[in-house]
Protein chains: 2
Amino acid sequence: MARTREFDENIALDAAMKLFWEKGYEATSLSDLTARMGIQRPSIYSAFGDKKELFEATLRKYTMSHASDMRAQLQSHSSVKKAFLALFEGVVAEEYAVDRSRGCFCINTMVELAPHDEKFEILTREHQMYLAVIFQEAIERGVNSGELDAHTDPKALSQALVLSLIGLSVMVKSRPQRSFLDNAISVTLSLVK
Amino acid sequence: MARTREFDENIALDAAMKLFWEKGYEATSLSDLTARMGIQRPSIYSAFGDKKELFEATLRKYTMSHASDMRAQLQSHSSVKKAFLALFEGVVAEEYAVDRSRGCFCINTMVELAPHDEKFEILTREHQMYLAVIFQEAIERGVNSGELDAHTDPKALSQALVLSLIGLSVMVKSRPQRSFLDNAISVTLSLVK
DNA sequence: ATAATAACGTACTGTTCGGTACGTTATTTA
DNA sequence: TAAATAACGTACCGAACAGTACGTTATTAT
């Protein structure tokens with residue numbers, strides 16, 4: 001009944017996500033967004049709503065993709081210990097790569113918006129809860145296969161690992177010596193035994 | 001040789017610190033600052049420089065005060081295990097108190113500014129390094145007193161604890177169930193043995 | 001007392017902010 | 001083919017932004 005949309009909403013949303021992820025909510029302007037999304041300002045508003053709504057859409061996109069990434073990574077090793085080691089070391093390696101990582105978008109949002117906006121408090125909490133469940137399932141696989149101690153408390157251990165992974169993801173932003181991070185990872189993952 | 005300053009620079013700086021701490025750098029405007037500091041805009045510029053310089057001054061004030069707080073807390077218990085437990089549980093208790101905590105200003109800055117501003121990358125890194133040293137000293141006291149295992153690696157353990165404490169400080173912003181945090185703390189601090 | 005000087009309050013600068021009105025263009029349905 | 005409709009680009013809105021010019025007031029040193 002009318003003109004068809006000329007841009008791909010998914011591609012545009014992805015561009016917005018990368019920008020918010022890199023700069024945060026406040027530091028990203030509508031002009032930044034139009035430039036990177038390749039569309040005009042009214043197109044953003046008609047397709048995604050206002051700035052906060054667009055941000056929310058990008059965060060939802062991120063958390064879904066991030067959760068399935070994490071799940072896939074944990075399932076890609078037969079050894080649960082090695083899987084967690086690869087996961088933690090991957091965070092470090094990414095940050096120290098030629099073009100540094102953006103870190104974790106959800107963590108950035110927990111810090112910037114969750115304390116002042118209940119919607120993002122809930123959204124970020126639910127993502128962390130989901131990650132904890134993914135971790136727990138991996139640990140339970142390790143217990144069932146006999147790789148991990150039968151006395152392990154999978155739930156509590158997964159929760160501790162989520163906390164440490166968050167800490168690691170934040171700490172790398174200040175670019176400490178890699179030995180600092182390697183030591184910390186090594187000690188933390190000694191809990192997975 | 002001239003008129004004397006009518007406001008107390010230290011009090012004004014403290015007000016600015018609390019505001020930046022609560023809202024972050026970008027979300028805090030000069031108008032917010034003049035309102036809370038109780039002084040006019042040109043007074044800010046003459047006493048502290050521009051917005052970024054003022055922010056830096058508040059962060060330096062915070063890190064110094066925070067470091068000595070941490071040191072004091074760790075020294076206030078004869079048992080090192082109890083000292084760390086009180087430290088970690090204190091973060092949780094503060095956040096779930098009637099008026100929620102602002103979290104850790106240094107962590108907020110690591111997330112918001114460190115990735116895009118080398119000055120803050122360095123400043124925040126140095127603070128975390130300093131905290132790690134304080135932690136290490138506490139652990140060494142525990143080893144020397146016989147409370148902790150003689151095979152403990154105080155440096156590596158302290159680094160792991162710094163990471164977990166960062167993770168905890170971020171995670172509380174999304175207000176998960178306390179049992180989540182209690183479990184995670186319990187598992188993490190089982191490393192201190 | 002007076003000249004020098006620095007802090008003060010007011011009022012302003014140009015710029016950028018998020019958001020939108022509106023006329024134009026392209027597509028679809030009838 | 002014509003009417004309807006929605007996406008498009010342009011150009012704008014008032015508000016808020018960080019930062020400053022400037023005249024006034026208070027304090028100091030001479």
Side-chain angles (χ1 to χ4, degrees), chain A residues 1-60 105 108-109 112-113 116-120, chain B residues 1-60 105 108-109 112-113 116-120:
Chain A
M1 259 250 208
R3 193 171 171 177
T4 53
R5 191 155 274 163
E6 289 177 7
F7 63 94
D8 183 318
E9 290 183 44
N10 201 45
I11 292 177
L13 190 60
D14 210 71
M17 179 185 76
K18 284 172 181 160
L19 200 51
F20 278 131
W21 186 356
E22 187 180 315
K23 306 185 56 170
Y25 177 76
E26 289 289 345
T28 301
S29 73
L30 263 292
S31 299
D32 294 333
L33 288 164
T34 56
R36 282 273 281 267
M37 297 171 81
I39 60 179
Q40 305 296 333
R41 210 171 275 231
S43 298
I44 296 183
Y45 282 85
S46 74
F48 304 108
D50 69 14
K51 190 186 173 189
K52 261 270 167 69
E53 291 172 304
L54 172 59
F55 183 89
E56 184 185 339
T58 65
L59 181 61
R60 288 186 185 276
F105 187 20
N108 297 352
T109 304
E112 186 181 7
L113 300 182
H116 312 99
D117 188 325
E118 197 185 356
K119 173 168 276 171
F120 293 103
Chain B
M1 259 251 213
R3 191 171 172 177
T4 54
R5 191 154 275 163
E6 290 179 4
F7 63 93
D8 182 319
E9 291 183 41
N10 202 45
I11 292 177
L13 190 60
D14 210 71
M17 179 184 76
K18 283 173 181 159
L19 200 50
F20 279 131
W21 185 355
E22 186 179 315
K23 304 185 59 170
Y25 177 77
E26 290 289 346
T28 302
S29 73
L30 263 292
S31 299
D32 293 334
L33 287 165
T34 56
R36 283 273 280 267
M37 297 171 80
I39 61 180
Q40 305 297 332
R41 210 170 277 230
S43 299
I44 294 183
Y45 281 86
S46 75
F48 305 108
D50 68 13
K51 190 186 172 188
K52 261 273 168 65
E53 292 173 304
L54 173 59
F55 183 88
E56 184 185 340
T58 63
L59 181 60
R60 288 186 185 278
F105 187 19
N108 297 353
T109 304
E112 186 181 9
L113 299 182
H116 313 99
D117 190 322
E118 197 184 356
K119 172 167 276 170
F120 293 103

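Note on naming: letters A, B, ... go to the chains in the order of the sequence lines (proteins, then strands), and numbering restarts at 1 for each one.
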What is the distance, to the nearest angstrom, from the [atom1] atom on [X] to the [atom2] atom on [N]?
| X | N | atom1 | atom2 | result |
| --- | --- | --- | --- | --- |
| A:D8 | D:dA7 | CG | P | 15 Å |
| A:E6 | C:dT27 | CD | C1' | 10 Å |
| B:F7 | D:dA26 | CZ | C1' | 15 Å |

Specify whether B:F105 and B:W21 have parallel, tilted or perpendicular ring planes, treating 30° as the upper limit for parallel and 60° as the lower limit for perpendicular.
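Because their plane-to-plane angle is under 30°, the rings of B:F105 and B:W21 count as parallel.
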Below 30° counts as parallel, above 60° as perpendicular, anything between as tilted: where do the rings of A:Y25 and A:F20 land?
parallel
Just by modelled atom types, is the [Y] backbone N or O under 3.5 Å from a matching donor or acceptor in the [X] side chain?
| X | Y | result |
| --- | --- | --- |
| B:K51 | B:T28 | yes |
| B:D32 | B:S29 | yes |
| A:E26 | A:E112 | no |

Regarding C:dA7, can its base be found pairing with the side chain of B:R3 as donor and acceptor, where the two atoms are less than 3.5 Å apart?
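Check passes, donor-acceptor contact within cut-off.
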As an exercise, state the distance from CZ of B:R41 to CG of B:L33, rounded to the nearest 0.5 Å.
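Here the interatomic distance stands at 9.0 Å.
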Selection: residues 18-44 of chain B, any non-hydrogen atom under 4.0 Å of DNA chain C
B:Q40, B:P42, B:S43
Near-strand residues of residues 45-53 of chain B, defined as heavy-atom separation under 4.0 angstrom from DNA chain C:
none
Would B:E56 and B:R60 pass as an ion pair if we require N to O under 4.0 Å?
yes
Locate the shortest heavy-atom distance separating A:I44 from A:T34; write the atom from each residue and the value.
CD1-CG2, 3.8 Å
